[in-house]
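What follows is a set of notes on a single structure, which appears directly below.
Chain letters run A, B, ... following the sequence lines, proteins first, then strands; residues in each count from 1. This structure is a prediction, so every number in the text was calculated from the model and none was measured.
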Amino acid sequence: MVLHTVNCPPSHPALGQCLRLLAPGDALLLLGDGVYAALAGSRAAAELAASGAALHVLDVDARAAGVLERLADGVSVCDDEGFVALTERYPRQQAWY
Amino acid sequence: MNYALLVLASPFSGTGSLTAARFAEAALGRGHHIARVFFLDQGVGAGMATAVSPQGEADPVARWADLAARHDLELVLCVSSALKRGLLDDTEAARYEREAHTVHPAFEIGGLGLLVEATAQADRVVTFGGSA
């Protein structure tokens, strides 16, 4: 039960490193340029979906990147309160950057 | 719950520092306590009193200072990260014989021990990473 956060674009090694550990029961929150990994139809989004983890994007960053309207299925949008709620639910956070 | 925040993200590029400030505000709003916010590496820029944000752009230094003033938050800049970037408070400016102090009064300078202490005591540690 780990909350992973990724703030780098899919081309950065951080996402691949996260994917190696991301497991069902974990959650992933995409922040900053990390939100591009949630683009519908992208390879990154397919790999994330296959991990079995719960997938989230931060609303402000997804909106700024233009990703909000093109989110892959199964990715939920969370605001700052939702981010805090994720840390309440998942006792440990692993930040990938 | 008791939170400790570690901010590695620069306030001058990317969104990480502002995201951390918004997270802190949201956590306090949900009734949590924030024991300490520790700024490390490029994250220490958040305490730069002499930074001037362009008109119309977010001002992370003011954002953190305002948050600290309203909620009595403890904001600590890692001493070695701060000094090598020219971030000095009164004490360090006197110690190293520099003419100006450049740290915003809402921040203090401290050692890594303060990070260790905060993470040991916290129920939750949230890191805001450096790149992007």
Around atom [atom1] of [X], are there more than 12 heavy atoms of other residues, nucleotides or ligands at under 6.0 Å?
X: B:H101; atom1: NE2; result: no
X: B:R70; atom1: CZ; result: yes
X: B:R30; atom1: CZ; result: yes

For this session: With rounding to the nearest 0.5 Å, note down the distance linking CZ in B:F128 to CG in A:N7.
Result: 10.5 Å
Exercise. How about residues 50-57 of chain B versus chain A: which residues have heavy atoms under 4.5 Å apart?
Worked result: none
In this structure, would [X] and [Y] fall into the same cluster of hydrophobic residues linked by side-chain contacts under 4.5 Å?
X: A:V2; Y: A:L15; value: no
X: A:M1; Y: A:W96; value: no
X: B:F38; Y: B:V116; value: no
X: A:Y36; Y: A:L28; value: yes
X: B:L83; Y: B:L115; value: no

For this session: With a 4.5 angstrom heavy-atom cut-off, could you sort out which part of A:E88 is near chain B: side chain, backbone, both or neither?
Result: both
Exercise. Side chain, backbone, both or neither: which part of B:T127 has a heavy atom under 4.5 Å from chain A?
Worked result: both
Problem set entry | Region of B:V125 in contact with chain A, defined by heavy-atom distances below 4.5 Å | backbone
Exercise. Closest heavy-atom contact between A:V84 and B:Y3?
Worked result: O-OH, 3.8 Å
Problem set entry | Stepwise side-chain contact (heavy atoms from CB on, under 4.5 Å) test for B:E25 and A:D80 | CA-CA 9 Å; B:E25 184 108 53; A:D80 297 326; over 6 Å; no
Problem set entry | Contact residues of residues 46-79 of chain A (partner chain B; heavy-atom separation under 4.5 angstrom) | A:L58, A:V60, A:D61
Exercise. Quick one: does B:R124's side chain have a donor or acceptor within less than 3.5 Å of a partner on A:T87's backbone?
Worked result: yes
